[in-house]
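All heavy atoms count here, side chains included; hydrogens, waters and symmetry mates do not.
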Amino acid sequence: METDTIIYFHPTQGQMHKNTAAKKHWWQDAALREEKLGLEKTGGFFLPVDCAIPPYYYKKKPWTGELLSAAMEEVVHRADGMADAFLHPDIMTYMSEKFRERWEMRRDTFERLSACLLAACAAGPLHEKGRVAVLLGKPEETDWQMELTQNLLLPYLSRINSLLFYYEEVAGTDIWEEMAAYLETYDYEYGLVPAMHPYSTGEEGLCCGRERCSGVILDFAHTARHPRLEREDGTVYVDLTSDRERERSCMRKNGHVLYVSPLKYLDTIVKTGYDR
């Protein structure tokens with residue numbers, strides 16, 4: 001993975017007025033200001049860069065996708081190394097289809113961010129409980145999701161004794177045959193035989209079955225799959241899609257589940273920077 005800098009573009013905190021716009025006068029160019037937060041913030045996984053975006057670029061003129069994208073490009077060009085960006089969902093709404101693809105995070109960067117997230121928030125439960133459930137998402141991305149899962153779990157596999165995958169069935173496809181290379185690696189090298197369960201169809205669409213999950217849950221799905229959770233403290237729900245409704249759902253578990261996501265993780269890093 002080449003990327004070593006991740007720039008987090010997010011809305012500014014608190015109420016904004018025209019004096020905080022990205023430019024003060026009509027003859028200026030709209031410009032954003034960034035702040036390096038230090039490698040120690042992520043344990044050396046990557047260099048986080050904080051870049052807050054005000055709601056206006058000039059007085060009360062809102063951003064256009066083209067203007068904001070150009071200002072963000074300047075921040076990327078100033079960054080160290082092979083920089084990539086993570087956009088807060090509210091910032092992504094400024095982008096039309098023309099610019100949205102440009103600002104989708106690269107997969108190698110996403111893997112780096114996800115590995116740091118697990119090390120910071122889920123290493124303890126992975127070692128102590130040794131249980132992992134993986135909720136796979138779009139069938140066309142299954143191969144990438146299986147590869148990413150294996151890379152993320154590699155530092156912890158010697159302590160994992162239960163690995164469960166949920167997947168969406170596709171007519172004419174044998175998941176065991178398609179994923180044989182990944183499944184055999186777990187067995188041959190770690191003596192771990194993963195379980196594979198198809199999603200079932202319920203009133204709310206596709207959902208997990210009757211098995212109860214605990215330990216660490218890795219969720220790749222872009223729509224809720226409603227896993228059943230063990231009634232015990234210490235479960236970590238790693239929402240790799242950063243879905244805010246999923247976060248609210250976990251908060252209703254009365255503290256039994258710790259919800260984490262790339263978005264929440266970067267928000268925390270930025271907030272601790274402000275707290276200094």
Side-chain angles (χ1 to χ4, degrees), residues 1-14 16 20-24 28-58 62-121 144 148 151-152 238-244 247 260-276:
M1 295 181 290
E2 296 180 348
T3 302
D4 59 6
T5 298
I6 296 179
I7 306 166
Y8 179 38
F9 292 102
H10 61 92
T12 47
Q13 305 290 319
M16 295 294 107
T20 61
K23 69 176 182 177
K24 303 298 188 296
Q28 292 177 317
D29 292 328
L32 300 171
R33 298 172 63 182
E34 71 275 14
E35 179 185 1
K36 297 178 184 177
L37 298 180
L39 281 167
E40 68 278 2
K41 288 285 186 180
T42 66
F45 277 84
F46 62 89
L47 175 68
V49 174
D50 171 21
C51 188
I53 297 178
Y56 311 114
Y57 74 90
Y58 174 58
W63 292 99
T64 64
E66 184 173 8
L67 190 60
L68 179 55
S69 185
M72 289 164 57
E73 289 284 7
E74 290 299 318
V75 177
V76 174
H77 291 159
R78 291 194 296 267
D80 297 333
M82 290 288 293
D84 203 357
F86 185 99
L87 272 61
H88 187 284
D90 292 345
I91 299 302
M92 189 62 89
T93 60
Y94 287 108
M95 300 300 166
S96 64
E97 289 299 320
K98 177 180 178 181
F99 300 102
R100 186 175 292 269
E101 185 176 352
R102 158 64 184 93
W103 293 107
E104 290 289 347
M105 178 173 270
R106 295 195 296 268
R107 285 184 171 180
D108 62 334
T109 312
F110 183 76
E111 181 174 336
R112 184 182 293 274
L113 175 58
S114 301
C116 185
L117 174 62
L118 256 65
C121 305
W144 168 68
L148 177 55
N151 291 340
L152 293 178
V238 184
D239 176 18
L240 295 168
T241 69
S242 298
D243 184 87
R244 284 184 276 189
E247 179 178 8
V260 297
S261 70
L263 175 62
K264 189 175 180 68
Y265 177 62
L266 290 172
D267 272 339
T268 300
I269 291 177
V270 167
K271 183 178 185 300
T272 56
Y274 291 154
D275 288 345
R276 292 199 308 274

Which word best sums up how the rings of H88 and Y8 line up, parallel for under 30°, tilted for 30 to 60°, or perpendicular for over 60°? tilted
Across all chains, not counting sequence neighbours, the salt bridge (Lys or Arg N to Asp or Glu O under 4.0 Å) partners of E73 are R102
Heavy atoms of A52 and L32 approach each other most closely as O-CD2, 4.4 Å
CG (L37) and OG1 (T42) are apart, to the nearest 0.5 Å, by 9.5 Å
Just so I know, are the side chains of L68 and I91 near enough to count as touching, which here means a heavy-atom distance under 4.5 Å?
yes
Across all chains, not counting sequence neighbours, the side-chain contact (heavy atoms from CB on, under 4.5 Å) partners of S96 are K98, F99
Taken in chain and number order and not counting sequence neighbours, the residues that satisfy salt bridge (Lys or Arg N to Asp or Glu O under 4.0 Å) with D90 are R244
Is it the case that the side chain of R112 and the backbone of F45 share a donor-acceptor pair, with hydrogens and angles ignored and the cut-off at 3.5 Å? yes
- Message: Would you say that more than 12 heavy atoms from the other residues, nucleotides or ligands in this model lie under 6.0 Å from the CD of E101, or not?
- Response: no
query: Taking the side chain as C-beta and beyond, is there a heavy-atom pair between L67 and Y94 under 4.5 Å?
result: no
Heavy atoms of A120 and Y265 approach each other most closely as CB-CE1, 4.0 Å
| query | So, the side chain of D84 versus the backbone of R106: is there a donor-acceptor pair under 3.5 Å, distance only? | reply | yes
Of all heavy-atom pairs linking M72 and M95, the shortest is SD-CE, 3.7 Å
_Taking the side chain as everything from C-beta on, heavy atoms only, tell me whether L263 gets closer than 4.5 Å to H10._
no
Y57 meets the ring-ring contact (aromatic ring centres under 6.0 Å, His included) criterion, sequence neighbours left out, with W63
The side-chain contact (heavy atoms from CB on, under 4.5 Å) partners of T241 (sequence neighbours excluded) come to H222, D239, D243, R246
_Keeping T5 on the side-chain end and D80 on the backbone end, is there a donor-acceptor pair under 3.5 Å?_
yes
Hits for side-chain contact (heavy atoms from CB on, under 4.5 Å) against S114, two or more places apart or cross-chain, chain-then-number order -> F110, L152, L240
TODO: Would you mind reporting whether M92 and E104 have side-chain heavy atoms less than 4.5 Å apart?
DONE: yes
